[in-house]
Number of protein chains: 2
Amino acid sequence: MAYSDRGLAAGGSARLGGNTHGDEAWAEFARSPRVKTNRYEAHDVVFFEGDPAERIYELIEGAVMLYKLLPDGRRQVVEILGPNDMFGLLSSRQYDCNAETLTPAVIRVVDRRDAEQTLAAQSHITRCLLAQMEALHEHAVLLGRKSAYERVSSFLMRFVAGRGTADCPGPTAAGRDEHVIALNMTRQEIADYLGLTIETVSRVISDLKRRGLIAIEKQDRIRITNVCTMCHQTGTQ
Amino acid sequence: MAYSDRGLAAGGSARLGGNTHGDEAWAEFARSPRVKTNRYEAHDVVFFEGDPAERIYELIEGAVMLYKLLPDGRRQVVEILGPNDMFGLLSSRQYDCNAETLTPAVIRVVDRRDAEQTLAAQSHITRCLLAQMEALHEHAVLLGRKSAYERVSSFLMRFVAGRGTADCPGPTAAGRDEHVIALNMTRQEIADYLGLTIETVSRVISDLKRRGLIAIEKQDRIRITNVCTMCHQTGTQ
DNA sequence: CGATCATTTGACACCGGTCAAGTTTTGTGG
DNA sequence: CCACAAAACTTGACCGGTGTCAAATGATCG
């Protein structure tokens, strides 16, 4: 109740996105004593599919993947999350997927009922959900319609901020169009995200290397030698 | 502003799902004169990807599909929506996909800014988003990890209300375990939803028929002769 | 009843999966 | 820092599930 009032006072107008107004209210809400902030090691499990969904989470620092398993062990990573993404949000009573850190992470933990009663949370959450929704749409295209090459290329491009989108400014006029990426994922995790096998991911990466499109600095550290060329391999253009 | 106040008075507590409280407020909001209700024919386009996202939509009756296109014409249907689902919700300024009716439909149209300023809308919208999110996760598993047989079987099971979920009650003790489905989709639309080709969809359906699992009453009207058996073909068990 | 469109079926090719080594990287203990 | 083991990754050979292309069949609607 107290949070609810505070949320109202600070937030007031609730938006579907495009504003940064609700965030101040959310930040204030996050400072309340009932909101905890936890540290996780890499590859810690935050929650399992089927666990009672009593908390919601906000990733402050690091990376988290959400995945689902089929009874025979096949795995699909459904989302890869970065700072400011929220997860564990659900309309049902149990989590619909597993959440595991990819890197050491700092995660804010909020009691579900607290958030439900807080308007500032609503607005903040909706904005997060909408962005994630778009990412899921894009990922459905990748999984349903792209070749292995296009999947891996799209995956690499996703780490290059500001490029590969519809409003891509193109390479800066001066110098080379390079970019170094820290994957923070094993080949298996990449494969399970892209709907491929580990061997196929490995083969495509080797081939990109052979063709000079990328250089492997360290197994999970890849240099894209020409971002613009890589972008043309994604199928999205 | 007026809507905002009304939403507050009627709604009060905002929830992340599981309640039906915000819905009354939403229903009242929907009755306001600025909210229009439109009728569409089958295969009408509601909006195109890239159109300025100035309105949000609530499907009252009928079915709608959302799809994305790659520059070379490949298509992926990312969501199939039914009554009470909302669409056109976005954090960015333009729609991220195309929306097209599958059947004649009744659709409520709300100005985006009106909804953004209405708390009742927030709560209602969040609930819809969460449910759609879960559906998208499930669909990612289908697209990334299921065989053609499993995809088509999963697709058919999705039309059997209350079965195939984790808490499936199983067949009713008495009599046969049949169910008749109206697809309302062409083979091409099904293929584009399942990430397959039209030929593969057709072959799988023919094969299910040959094996006696389904009977085709009319091209887009299929009888599942044994729901429980069909369910075991989905890979989800 | 014919024209048009949707669907089915067949033959074949190829992408990506499977299985089985190798090779490299990482981590641990001396 | 090195030695060794374990894990992660790469590479090769082969196969099978889907896609592609083409033709036949079936539905729909004047």
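Side chains are part of it too, since the values below use all heavy atoms of this structure and drop only hydrogens, waters and symmetry mates.
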**Student:** Just to confirm, is there a sub-4.0 Å distance from OP1 or OP2 of dG16(C) to any side-chain nitrogen or oxygen of T200(A)?
**Tutor:** no

**Student:** Give a yes/no answer on whether the side chain of S206(B) brings an N or O atom under 4.0 Å of OP1 or OP2 in dT9(C).
**Tutor:** yes

**Student:** With a 4.0 Å cut-off on N to O distance, would you call E150(B) and R74(A) a salt bridge?
**Tutor:** yes

**Student:** Could you tell me whether the phosphate oxygens of dT10(D), OP1 or OP2, come under 4.0 Å of any side-chain nitrogen or oxygen in R203(A)?
**Tutor:** no

**Student:** Just the rounded figure in Å: distance from C1' of dG27(C) to NZ of K218(A).
**Tutor:** 13 Å

**Student:** So L196(A), base contact, sugar-phosphate only, or nothing? Heavy-atom distance under 4.0 Å.
**Tutor:** sugar-phosphate

**Student:** Cut-off 3.5 Å, side chains only: do H137(A) and E79(B) have a donor facing an acceptor?
**Tutor:** yes

**Student:** In this structure, how many angstroms lie between the P atom of dG26(D) and the CD1 atom of I205(B), rounded?
**Tutor:** 17 Å

**Student:** So, is T197(A) near the phosphate of dG17(C), with a side-chain N or O under 4.0 Å from OP1 or OP2?
**Tutor:** yes

**Student:** Using a cut-off of less than 4.0 Å, is there contact between a side-chain N or O of T186(A) and OP1 or OP2 of dA8(D)?
**Tutor:** no

**Student:** Between K146(B) and S153(B), is any side-chain donor less than 3.5 angstrom from a side-chain acceptor?
**Tutor:** no

**Student:** Between L183(A) (CG) and dA8(D) (C1'), how many Å, whole number?
**Tutor:** 14 Å

**Student:** Taking the six-membered ring for Trp, are Y57(B) and Y95(B) parallel (under 30°), tilted (30 to 60°) or perpendicular (over 60°)?
**Tutor:** tilted

**Student:** If you check the A148(B) side chain, which of dT11(D), dT9(C), dT18(D) turns out closest?
**Tutor:** dT18(D)

**Student:** Starting from C1' on dT23(C), measure out to CD1 on I216(A) and report it in whole angstrom.
**Tutor:** 15 Å

**Student:** Using a heavy-atom cut-off of 4.0 Å across all strands, would you classify Q219(B) as base, sugar-phosphate, or nothing?
**Tutor:** sugar-phosphate

**Student:** Starting from C1' on dA8(D), measure out to CG on D192(A) and report it in whole angstrom.
**Tutor:** 14 Å

